[in-house]
Amino acid sequence: MSALNHTHDANARSWVESANAADSDFPIQNLPHAVFRRAGSSEAFRGGVAIGDQVLDLAALAAQQQLDGLALDAARAAALPALNDFFALGGAAWKALRHALFDLLKNDAPVATVQAVRECLVPQAEVEYTVPARIGDYTDFYTSIDHALNITRLFNPEGDVTPNFRWIPTAYHGRVSTIGVSGQRFHRPMGQAMAPGAKAPTYQACARLDYELELGVWIGSGNAQGEPIALEHAEEHIFGICLLNDWSARDIQFWEMAPLGPFLAKNFATTISPWIVTMEALAPYRQAWTRPTSEPQPLAYLENAKNRESGALDIRLEVWLESEKARKEKTGPSRLSSTSFRHQYWSVAQMVTHHTMGGCSLNPGDLFGSGTISGPGAGEAGAIIELTRAAQSPVTLTNGEQRGFLEDGDAVLLRGWCEKPGHARIGFGESRGTVLAARG
C-alpha cells in the first residue's frame with residue numbers, strides 16, 4: 001500500500017490556477033491518467049494526465065528535456081495510445097512519473113520549466129477520450145452485502161445472501177467488446193423475458209433497464225499462470241481506480257441467470273470514466289477494513305493486519321439521472337443516491353488475491369468491476385431496482401418526472417471524489433452513458 005509523501009501535501013499548489021480551485025477534481029495531489037486527443041481531429045490518441053481543467057500531453061512532454069531516467073521511460077510508455085506498457089512497468093515507474101510531474105507542475109517550479117510545460121497543456125473542454133487500455137479480461141465482482149441483501153429481500157423479506165457470499169469475493173468473467181468510455185450511447189437491449197404467470201418467454205426490448213454504480217479496478221503488473229498473488233502483495237498489482245457503470249437488463253437477467261448467471265442482461269454496455277486515479281493518490285483516504293464479529297471472518301489467505309488496518313477506501317459516490325426532457329429544458333440532472341466504497345464487504349486487495357488463488361494469471365490492462373456499491377442507509381442504493389423496490393416506489397426527479405426503471409433518452413451520471421480533513425479533495429471526473437431506443 002502506498003505511503004504518504006510530499007505529493008499528498010494539502011498545502012501544495014500548482015501554477016495551473018484551475019487546479020487550485022476548491023471544487024476541482026484534479027488538483028496537483030491527484031494527477032490521474034487517461035488517453036485522449038483533440039475532439040474531432042485526426043490526431044493519434046495518446047496518454048495524458050489531468051491538472052485542473054487541462055490535460056498534460058505526455059507525448060509532447062516526453063519530447064522535451066524536462067524528464068530523465070525512469071520518469072522519462074514511464075512518460076514515454078504512458079504517452080502511448082494504450083496504457084498497457086506503462087502498467088507493466090510496475091510501481092517504481094508509476095511513482096517516478098507521478099513525483100516528477102508533481103515537481104514540474106508545482107507553483108515553485110523554475111520559470112523556464114513552467115514555460116516549457118505550459119506548451120504541453122490541452123484544455124479538457126477541447127478533447128475526447130477513449131478506453132485507456134487494451135482490456136484483455138473483464139471480471140465483475142459482487143461484493144456489497146447491502147446491495148445483495150436489498151436484492152434478495154425484494155423477493156423474500158426474510159431472505160439472506162447465499163452462504164458463499166460471506167466467505168468468498170464472488171465474481172464472474174464478463175466481456176470487453178462493449179466497454180466504452182464516458183459519453184457512451186447504446187441502444188436498449190433485446191432479449192428473452194418471462195412474464196409472471198406466463199408459460200413461455202417472449203423476445204422483446206428490455207422493460208426493466210437499470211444502472212449499477214461500481215468502481216473499475218485497473219490491473220497494473222500481472223502474475224504468471226499458476227503463481228497466486230498473496231494478499232500482502234495484492235495492491236502492488238493494482239494501478240488505479242475509475243468509475244464504472246455496469247448496466248443491467250433486469251427482466252432479461254432474472255430469466256436467464258439460473259443456473260449460470262447473467263449473459264445478455266449484462267453484455268450490451270459498460271461505461272467507464274476516462275480518468276484513472278492512482279492507488280498512490282488514494283493513500284490519504286484509506287480506512288480500517290472491518291468485519292462484524294457476528295459475521296464469518298475471512299480464511300487465512302484473505303486475512304492480514306495490513307488489510308485490517310487500511311484495506312478500505314473512502315471513495316464518495318453519487319448517481320445522477322438526466323432525462324431527455326430535463327436535457328431539452330436545461331434543468332439539469334437529479335441526484336438519485338450517494339454512498340461510499342468504504343462499506344464494501346471485500347477489499348480490492350482481497351479481490352485480486354482470490355482471483356489468482358486457483359492459478360489464474362492477470363495481465364496489465366485487465367479490468368475488475370467492484371460490483372454494485374450500496375451503503376446501509378436510506379438513499380445509498382447503487383441500482384434503481386433497489387432505490388424504487390423494483391418500481392413499486394418510483395423516484396421523483398427534480399422536474400416532477402418519475403422513474404421506476406430507466407427510460408429511453410435517460411443519461412446516468414456517476415461521480416466520485418475523496419475528501420478528508422487535512423488533505424486535498426481529489427475527484428474521478430464523470431462516467432456518463434445515455435440510453436437510446438431499442439433496435440429490432
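Note that these values count all heavy atoms, side chains included, but never hydrogens, waters or copies made by symmetry.
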Heavy-atom donor-acceptor pair, S340 side chain to R342 backbone, under 3.5 Å: yes

Working for side chain to side chain contact (heavy atoms under 4.5 Å, CB included), residues L302 and W346: CA-CA 9 Å; L302 293 173; W346 297 99; 3.8 Å; yes

Test side chain to side chain donor-acceptor pair (under 3.5 Å) applied to T271 - qualifying residues, sequence neighbours left out: Q184, W247

Carboxylate-amine/guanidinium proximity below 4.0 Å for K325 and E407: no

Worked verdict on L387 versus V395 for side chain to side chain contact (heavy atoms under 4.5 Å, CB included): CA-CA 8 Å; L387 200 62; V395 292; 3.7 Å; yes

D246 (side chain) donor-acceptor with T270 (main chain) under 3.5 angstrom: no

For Q54 against Q124, the heavy-atom pair lying closest together: O-NE2, 3.0 Å

Test side chain to side chain contact (heavy atoms under 4.5 Å, CB included) applied to S41 - qualifying residues, sequence neighbours left out: R37, R38, E43

Those residues that, when tested against F263, pass side chain to side chain contact (heavy atoms under 4.5 Å, CB included) (two or more places apart): E256, N267

Those residues that, when tested against R308, pass side chain to side chain contact (heavy atoms under 4.5 Å, CB included) (two or more places apart): W289, R291, Q297, P298, E303

Side chains of E280 and N5, donor plus acceptor under 3.5 Å: yes

Residue list, side chain to side chain donor-acceptor pair (under 3.5 Å) with K106, at least two apart or on another chain: D108

E380 and T339: side chain donor to acceptor below 3.5 Å: yes

W275 and F26 aromatic ring geometry - parallel, tilted or perpendicular at 30°/60° bounds: tilted

T278 side chain reached by W218 side chain, heavy atoms, under 4.5 Å: no

Pair listing, salt bridge (charged side-chain N to carboxylate O under 4.0 Å, His left out) test, anchored in residues 409-434, at least two apart: D25-R425, E322-R432, R403-D410, R415-E430

Whether H187 side chain and L436 backbone form a donor-acceptor pair below 3.5 Å: no

No-hydrogen, no-angle side-chain donor-acceptor test under 3.5 Å, Q350 and T353: no

Residue pair L406 / L321, side-chain heavy-atom distance below 4.5 Å: yes

Residues in side chain to side chain donor-acceptor pair (under 3.5 Å) contact with H354, at least two apart in sequence or another chain: Y301

Close side-chain approach of D57 and R46, heavy atoms under 4.5 Å: yes

More than 12 heavy atoms from other groups under 6.0 Å of CG on N164: yes

Salt bridge (charged side-chain N to carboxylate O under 4.0 Å, His left out) pairs, two or more places apart, involving residues 6-19: none

S370 to T143 - nearest heavy-atom pair and separation: O-OG1, 2.6 Å

From CA spacing to verdict: side chain to side chain contact (heavy atoms under 4.5 Å, CB included), L215, I373: CA-CA 8 Å; L215 292 177; I373 302 165; 3.7 Å; yes

Under 3.5 Å side-chain donor-acceptor pair for S248 and R208: no

R98 side chain vs N30 backbone, donor-acceptor pair below 3.5 Å: yes

Donor-acceptor contact present, side-chain Q64 to main-chain A116, <3.5 Å: yes

Non-hydrogen side-chain atoms of S431 and L244 separated by less than 4.5 Å: no

Least distance between heavy atoms, I252 atom then A265 atom: CG2-N, 3.9 Å

N/O donor-acceptor pair under 3.5 Å between H237 side chain and S221 backbone: yes

Beyond-backbone contact of S347 with N307, side-chain heavy atoms, under 4.5 angstrom: yes

Atom pair CG/CG of L213 and L336 - distance to nearest 0.5 Å: 10.5 Å

Enumerate donor-acceptor pairs with a distance under 3.5 Å from any side-chain N or O in residues 71-90 to protein atoms, sequence neighbours excluded.
| unit_1 | atom_1 | unit_2 | atom_2 | d |
| --- | --- | --- | --- | --- |
| N84 | OD1 | R134 | N | 2.8 |
| N84 | ND2 | R134 | O | 2.9 |
| N84 | ND2 | P364 | O | 3.0 |

N/O donor-acceptor pair under 3.5 Å between T388 side chain and G404 backbone: yes

Pair K266 + E212: basic N to acidic O under 4.0 Å: yes

T372 side chain vs H147 backbone, donor-acceptor pair below 3.5 Å: no

R327 side chain to G409 backbone, donor-acceptor under 3.5 Å: yes

Test item: W15 and N20 side chains (from C-beta on) under 4.5 Å apart, heavy atoms: no

Listed partners of R316 passing side chain to side chain donor-acceptor pair (under 3.5 Å), at least two apart: D314

H173 and H355 aromatic ring geometry - parallel, tilted or perpendicular at 30°/60° bounds: perpendicular

Backbone N/O of L243 and side chain of S273: donor-acceptor pair under 3.5 Å: yes

I426 side chain reached by C418 side chain, heavy atoms, under 4.5 Å: yes

Listed partners of P421 passing side chain to side chain contact (heavy atoms under 4.5 Å, CB included), at least two apart: none

F141: which of Y172, F368, F165 passes ring pair (Phe, Tyr, Trp, His ring centres under 6.0 Å): F368

Pairwise salt bridge (charged side-chain N to carboxylate O under 4.0 Å, His left out) hits with a residue in residues 330-341, at least two apart: E318-R335

